[in-house]
**Q** 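For reference, the structure I am asking about is given below.
Note that ligands are numbered from 1 as they come in the structure, with each ligand's atoms numbered from 1 the same way.
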Amino acid sequence: MDRIVSFLSERLKAPSSLNNYLAGLAAVSLIGVPATYIMYDRYMCSRMKKKMAARAQKSNSNMEELRRDLGKHSAIVDESLVQRSFQDLQTGLQNGTISASAVLRSYQAKALEVNDEINAITDVIKDAKTLAASLDALDSSQRGPLHGVPISLKESCGVKGLDCTAGFGEMIDIPMNQDAVLVQVLKSKGAVPFIRTNLPQGMRSFACSNPIYGETCNPYAPDRSPGGSSGGEGAIIGGRGSILGVGSDIGGSIRIPACFCGICALKPTSGRLRPVRRRGQVPPTDGPMGRDVNALVQFMEAVLSKELFTLDPAVPPIPFRREIYEGWKPLKIGYYVYDECTRCVPAVERAVMLAKATLQRLGHTLVEIKPYKVLYAFSKILMPAFVGDDGEGYKELLKYDRSCDLMYALFKLHQKPYYMRWVQAKLKELMSYNPVGIEGMRRESLRTITDWFLKTNEAKSYRKAFTETWLEQGLDAVICPCMPCVATTTGVDGKLLASVTYTSLYNVVNFPAGTLPVTKVTKSDVDKTMDSSYYNAKTDIEKILQEDSVGTEGLPVGIQVVGLPYNEELVLRIMTELETALKSGGP
Ligand SMILES: CCCCCCCC/C=C\CCCCCCCC(=O)NCC(=O)O
């Protein structure tokens with residue numbers, strides 16, 4: 001400090017006492033201000049960590065309280081209840097042979113048991129018990145279609161009195177003042193929301209970890225990810241701790257965890273369950289996740305109701321069209337195994353080809369197609385929609401909450417001005433081959449209203465051209481991979497973000513897409529992946545997928561079924577036909 005004062009006083013060339021005073025002031029400012037800033041920042045970060053730990057602690061004690069309460073009712077898991085198919089459970093609840101309270105207790109106990117292994121629950125919903133008891137008091141004529149069905153909700157789904165943190169510390173203890181419309185409708189149909197489930201911070205990745213609730217594991221392999229962002233849903237349903245759940249999807253977040261955890265799911269057209277609200281040019285949507293396709297059908301049929309259209313008049317009043325779901329007319333279905341971004345591992349290619357052969361056997365016409373400009377959709381529409389604001393929207397949320405490595409690294413990267421990301425992308429290009437990731441890194445910034453208008457037009461033109469390619473070929477639907485891989489090792493997902501092109505394409509064009517498991521990885525699939533004459537991994541992502549395929553034998557492999565906008569019933573019809581045919585032995 002003395003040396004700085006004498007250096008500054010020499011420079012100031014003023015009478016020495018004033019000199020010393022000014023120099024001292026300057027030195028205090030030069031060292032003191034940044035030091036105070038750093039100390040304040042550290043203090044705020046550690047306060048944030050404490051707040052997050054306290055929130056997790058509160059959730060844990062809620063779970064312990066539930067465990068004690070269940071113990072009092074000697075509610076050990078009734079496996080005969082939790083192993084029932086959706087149809088059997090629904091029938092039992094409808095005809096009164098099982099009570100909503102008994103089903104709830106069994107699912108609560110099972111969910112806690114499964115959670116001990118996979119850490120999928122963020123909180124329990126305390127009202128569930130009262131809700132189930134009130135349902136048991138109804139007479140049979142008053143029972144709704146989902147009467148007594150326990151349902152899990154992604155943590156971001158609004159529940160009155162509970163916070164929706166999306167894994168951000170800043171969002172802790174800001175309770176919702178009412179249930180989300182979808183939750184209100186589900187309750188009016190008799191469903192019993194009972195737990196909330198984990199997600200990655202900010203829901204912008206297919207990992208499933210955040211600094212509040214930690215990491216969720218895949219129910220099939222604890223060292224692997226359940227996928228994301230609705231990973232808690234995927235894991236708890238895949239682990240049989242829930243039979244039906246609600247996830248959300250703007251890039252694949254319903255479908256990826258469903259595929260990784262061997263369950264079924266539907267990303268409806270955005271607009272079908274809630275009004276289209278675009279994030280940039282890409283609209284998010286909620287959707288059902290369940291153990292079988294019938295659970296999704298029952299969910300959609302129940303929810304597309306007068307209650308939904310009254311609570312939110314901006315939702316088009318299109319009820320579930322059974323005549324389309326139960327249609328018998330043979331269909332023209334396109335298929336592809338490669339989107340020209342990332343080549344799928346052989347298990348995934350085999351799954352699509354198995355579905356293709358099955359549908360052919362059922363009388364449908366299958367034609368190979370080439371999806372329209374997928375890299376363009378990812379880099380020019382999806383990426384600017386996520387981070388066209390250069391991460392400004394996340395700035396306040398991440399100010400003192402920087403312990404999620406993946407989110408913070410993405411934030412830092414996308415805060416950089418375009419020319420810096422361009423140089424970084426160029427350097428990366430020289431060192432490796434990752435075309436999708438590099439294009440994503442070079443995405444544009446939308447800084448002015450003109451940028452915004454131009455991007456809106458670009459997205460519209462893309463959607464129009466994409467739709468025309470379907471109409472010209474007379475396609476009713478398409479089957480394709482959901483991800484180019486099966487469940488990845490935990491932590492690897494961060495390096496594979498650019499592999500979401502198979503799912504995110506259908507967010508960009510806003511087509512409904514469902515996913516269902518069709519097979520499991522075999523030893524021969526793994527051997528083929530490791531054999532470079534068969535799986536010639538060229539891009540960085542393909543190389544990672546190749547390495548990561550060791551140990552995937554036995555893991556579920558899912559595919560996507562895609563339809564034209566507002567054709568959820570047709571997508572579900574094809575999924576049901578596939579599920580039924582595959583259960584009875586395949587083609
Ligand atoms: C400032 C940090 C923002 C991070 C965003 C960076 C973009 C990363 C690039 C591509 C990966 C896309 C992954 C998409 C995963 C699925 C997201 C999703 O569907 N979320 C559901 C929802 O938001 O409801």
Side-chain angles (χ1 to χ4, degrees), residues 153-158 164 166-168 180 182 197 199-208 210 225 227-234 246-260 265 267-268 270 273-274 277-280 282-287 289 341-342 375 377-399 401-402 404-416 421 434 436-443 445 482-483 488 493-508 510 513 515 541:
L153 306 173
K154 185 174 181 176
E155 197 250 17
S156 53
C157 189
C164 289
F168 290 116
L182 186 58
T197 58
L199 65 202
Q201 189 176 57
M203 302 189 287
R204 287 294 173 272
S205 80
F206 68 91
C208 193
N210 65 66
S225 161
S229 62
S230 315
E233 281 301 312
V246 176
S248 67
D249 193 314
I250 194 177
S253 283
I254 286 178
R255 291 158 289 163
I256 299 169
C259 271
F260 282 14
K267 174 204 86 69
S270 180
L273 293 181
R274 66 180 196 195
R277 265 194 320 258
R278 291 190 193 282
R279 156 128 200 145
V282 185
T285 177
D286 297 327
M289 301 171 75
C341 290
T342 303
L375 181 55
F378 178 80
S379 58
K380 295 287 179 190
I381 318 280
L382 187 86
M383 287 302 293
F386 281 1
V387 269
D389 67 345
D390 296 344
E392 279 302 291
Y394 294 97
K395 216 170 172 177
E396 284 305 308
L397 289 169
L398 295 175
K399 198 166 176 188
D401 175 358
R402 309 197 282 258
C404 178
D405 293 344
L406 179 57
M407 185 65 183
Y408 201 63
L410 285 169
F411 172 69
K412 280 302 205 199
L413 170 70
H414 287 284
Q415 279 257 292
K416 289 181 185 158
R421 278 183 286 109
N434 179 8
V436 189
I438 284 169
E439 283 311 310
M441 198 187 267
R442 273 200 201 117
R443 54 96 204 146
S445 301
C482 176
M483 279 293 276
T488 56
D493 20 36
K495 299 182 202 157
L496 296 175
L497 287 180
S499 68
V500 299
T501 49
Y502 287 93
T503 48
S504 61
L505 175 66
Y506 298 108
N507 298 92
V508 169
N510 196 17
T515 175
I541 290 187

**Q** Give the numbers and elements of all ligand 1 atoms closer than 4.0 Å to a heavy atom of F386.
**A**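 Answer, ordered by atom number: 7 (C), 12 (C), 14 (C).
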**Q** At a 4.0 Å threshold, what atoms of ligand 1 neighbour a non-hydrogen atom of Y394?
**A**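 Once the distances to Y394 are compared, the set is 1 (C), 3 (C).
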**Q** I'd like to check which ligand 1 atoms, numbered from 1 as shown, lie under 4.0 Å from a non-hydrogen atom of S248.
**A**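 Listed by number with element, the hits are 21 (C), 22 (C), 24 (O).
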**Q** Going by distance alone, is a donor N or O of one side chain under 3.5 Å from an acceptor N or O of the other, for T285 and S270?
**A**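 Looking only at side-chain atoms, S270 and T285 do not form any donor-acceptor pair under 3.5 Å.
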**Q** Which residue and non-hydrogen atom of the protein lie closest to atom 18 (C) of ligand 1, and at what distance in Å?
**A**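 Looking only at protein heavy atoms, the one closest to atom 18 (C) of ligand 1 is S253 OG, 2.4 Å.
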**Q** Decide whether the shortest distance between a heavy atom of S205 and an atom of ligand 1 is less than 4.0 Å.
**A**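 Flag set, S205 near ligand 1.
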**Q** Please indicate whether any nitrogen or oxygen in F378 is less than 3.5 Å from any nitrogen or oxygen in ligand 1.
**A**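 No.
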**Q** So, taking the atom named CD1 in I256 and the one named CG in D249, what distance separates them when rounded to the nearest 0.5 Å?
**A**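 Between I256 CD1 and D249 CG, I get 7.5 Å after rounding to 0.5 Å.
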**Q** Considering only non-hydrogen protein atoms, determine which one is nearest to atom 8 (C) of ligand 1 and report residue, atom name and distance to 0.1 Å.
**A**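 Nearest protein contact, heavy atoms only, for atom 8 (C) of ligand 1 is L497 CD1, 4.0 Å.
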**Q** Any side-chain donor paired with an acceptor under 3.5 Å for K154 and S230?
**A**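 Their side chains do contain a donor-acceptor pair, which is all the 3.5 Å distance test asks for.
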**Q** Using only heavy-atom distances, determine whether the side chains of D493 and S225 contain a donor-acceptor pair under 3.5 Å.
**A**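 Distance-only check passes for D493 and S225.
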**Q** Taking the side chain as everything from C-beta on, heavy atoms only, tell me whether M483 gets closer than 4.5 Å to F260.
**A**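 When only atoms from C-beta onward are counted, F260 and M483 do touch, with a gap below 4.5 Å.
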**Q** Do R443 and D390 meet the salt-bridge criterion of a basic N to acidic O distance under 4.0 Å?
**A**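 Salt bridge flag = yes for R443 with D390.
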**Q** Looking only at protein heavy atoms, which one is nearest to atom 5 (C) of ligand 1, and how far off is it?
**A**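 Ranked first by proximity to atom 5 (C) of ligand 1 is R204 CB, 3.8 Å.
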**Q** Between K267 and T503, do the side chains contain an N or O donor and an N or O acceptor separated by less than 3.5 Å?
**A**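 The criterion, which ignores hydrogens and geometry beyond distance, is not satisfied for T503 and K267.
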**Q** Going by the atom numbers of ligand 1, which of them fall below 4.0 Å from some non-hydrogen atom of I250?
**A**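 Near I250, meaning under 4.0 Å from one of its heavy atoms, ligand 1 has 17 (C), 18 (C), 19 (O), 20 (N), 21 (C), 22 (C), 23 (O).
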**Q** Do any heavy atoms of S229 fall under 4.0 Å from ligand 1?
**A**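 Heavy atoms of S229 do come under 4.0 Å of ligand 1.
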**Q** Enter the distance from L410:CG to S205:OG here, rounded to the nearest 0.5 Å.
**A**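 Answer rounded to 0.5 Å: 7.5 Å.
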**Q** Backbone or side chain, does any N or O of H414 fall under 3.5 Å from an N or O of ligand 1?
**A**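 Between H414 and ligand 1, no N or O pair is found under 3.5 Å apart.
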**Q** Quick one: which ligand 1 atoms are inside 4.0 Å of a heavy atom on V387?
**A**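 Going through ligand 1 atom by atom, the ones under 4.0 Å from V387 are 1 (C), 3 (C).
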**Q** If you round to the nearest 0.5 Å, how far is CE of M203 from OG of S248?
**A**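 One finds 5.0 Å between OG of S248 and CE of M203.
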**Q** Please confirm whether M383 comes under 4.0 Å of ligand 1, counting heavy atoms of the residue only.
**A**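 M383: in contact with ligand 1 (<4.0 Å).
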**Q** Any N/O of M203 closer than 3.5 Å to an N/O of ligand 1?
**A**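 Min N/O separation from ligand 1 is below 3.5 Å for M203.
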